[in-house]
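Working notes for the structure below.
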Amino acid sequence: MEQTPKHNTDSMKRANEVSIYKLMAVGIIISVLGVYLRFAADSMTLSIVSWAILFIGSFIACKGVFKILAA
């Protein structure tokens, strides 16, 4: 009996797209920037901006993860 390799399925091809991993990398970099700004200074305005940047970066990274899971 000949079995087809499991890594050649359509869902695996979609999950291995480079654009998904680029999206996740951008989200992680933005999140790291938000964390850095969070501890860079003790300003209320900078703290709010850093939380917003961190939230946006984590949202982008999670979007990439969910694209992989939906594949």
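- Cluster annotation: Ile29 is not connected to Val35 through the hydrophobic network of ILVMFWY side chains, with a link wherever side-chain heavy atoms come within less than 4.5 Å.
- The hydrophobic cluster of Phe55 has no other members, since no ILVMFWY side-chain heavy atom comes under 4.5 Å of it.
- Residue Ile68 is not grouped with residue Ile60 when hydrophobic side chains (ILVMFWY) are merged at heavy-atom distances under 4.5 angstrom, including chains of intermediate members.
- For the atom pair CD1 of Ile53 and CD1 of Ile30, the computed distance is 8.5 Å after rounding to the nearest 0.5 Å.
- Taking each heavy atom of Lys67 and Ile20 in turn, the nearest pair found is CB-CD1, 4.2 Å.
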Could you give the side-chain donor-acceptor pairs of residues 37-44 under 3.5 Å, partners two or more places apart or in another chain?
unit_1	atom_1	unit_2	atom_2	d
Arg38	NH1	Ser47	OG	2.7
Ser43	OG	Thr45	N	3.4

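- The other residues sharing a hydrophobic cluster with Val32 are Ile28, where clustering joins ILVMFWY side chains under 4.5 Å apart.
- Applying the side-chain hydrogen bond (donor to acceptor under 3.5 Å, both in side chains) test to residues at least two apart or on different chains, none of the pairs has a partner in residues 49-62.
- No more than 12 heavy-atom neighbours from other residues, nucleotides or ligands sit within 6.0 angstrom of CZ on Phe59.
- Residues meeting the side-chain contact (heavy atoms from CB on, under 4.5 Å) test with Val65, sequence neighbours left out: Met24, Leu69.
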